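Data block below; observations after.
All values reported here derive from a predicted model rather than from experimental measurement. Residues take their numbers from the sequence shown, with the count starting at 1.
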Amino acid sequence: MIRHAKSCDASRIAEIIITNYRVNFYPFFKNDEFYFSELNVVDMAKEYSDGSEELLSTYVYDDNGVIKGIIRINGTEVVKLYVEPQFQSCGIGAELLAYAVDKFGADNLWALEYNTRGIAFYKRHGFQLTGEKMIEDEWVPLVKLARNKHKQGE
């Protein structure tokens with residue numbers, strides 16, 4: 001069910017990312033111009049064009065032709081992990097994260113500081129807050145989580 005993303009998946013990947021940004025992040029920032037104008041599926045899909053770094057580092061959860069989630073990896077960092085809201089809490093995110101850990105040794109990521117649901121998800125899967133913080137794009141507070149590689153006898 002998890003496979004490398006293809007260029008024909010670009011619009012679906014973009015749709016999942018944009019939907020999650022709007023559902024999960026808009027309530028904190030309430031920036032209409034950004035979330036409903038600048039941020040759009042057409043432009044985001046272009047980032048996942050054939051041969052792009054974004055596409056090459058992205059994997060999708062494909063359930064018989066329906067892409068329900070995506071994960072993007074850079075080295076051992078989880079750059080993006082999103083599941084279509086209708087399919088959240090079904091184990092898809094956990095499968096994508098386990099895939100990244102098993103296949104790439106994924107052991108760190110940055111999460112929106114306000115994303116308590118996401119942070120709780122990562123904690124349930126062996127990641128812990130490191131205490132590191134940064135501000136992205138001059139206004140987005142992020143916190144770093146890292147995986148304890150010795151957790152659960154690994």
How many angstroms lie between [atom1] in [X] and [atom2] in [Y], if you round to the nearest 0.5 Å?
X	Y	atom1	atom2	value
Ile70	Glu54	CD1	CD	11.0 Å
Lys46	Ser52	NZ	OG	13.5 Å
Leu145	Glu77	CG	CD	11.0 Å
Cys8	Tyr48	SG	OH	15.0 Å

Distance-only side-chain donor-acceptor flag, Tyr26 / Asp32, under 3.5 Å: yes
Can you label the angle between the Tyr99 ring and the Phe104 ring as parallel, tilted or perpendicular, going by 30° and 60°? perpendicular
Between [X] (side chain) and [Y] (backbone), is there a donor-acceptor pair under 3.5 Å?
X	Y	answer
Asp63	Lys68	no
Arg3	Tyr61	no
Asn40	Glu38	yes

Pair Asn74-Ser57, side-chain hydrogen bond (donor to acceptor under 3.5 Å, both in side chains): steps then yes or no: CA-CA 7 Å; Asn74 181 10; Ser57 61; over 6 Å; no
Using a strict cut-off of less than 4.0 Å between a Lys/Arg side-chain nitrogen and an Asp/Glu carboxylate oxygen, indicate whether Arg12 and Glu84 qualify as a salt bridge.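 Judged by the 4.0 Å cut-off on N to carboxylate O distance, Arg12 and Glu84 do form a salt bridge.
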Charged N-O contact under 4.0 Å between Lys6 and Asp62: no
Joint hydrophobic cluster, Met44 plus Leu112, side-chain heavy atoms closer than 4.5 Å: yes
Apply the test side chain to side chain contact (heavy atoms under 4.5 Å, CB included) to residues Val143 and Ile119: give CA-CA distance (whole Å), side-chain angles for both, the deciding distance (0.1 Å), then the verdict. CA-CA 9 Å; Val143 292; Ile119 292 168; 3.8 Å; yes
Show your working on side chain to side chain contact (heavy atoms under 4.5 Å, CB included) between Phe25 and Leu39 and close with a plain yes or no. CA-CA 12 Å; Phe25 306 144; Leu39 190 65; over 6 Å; no
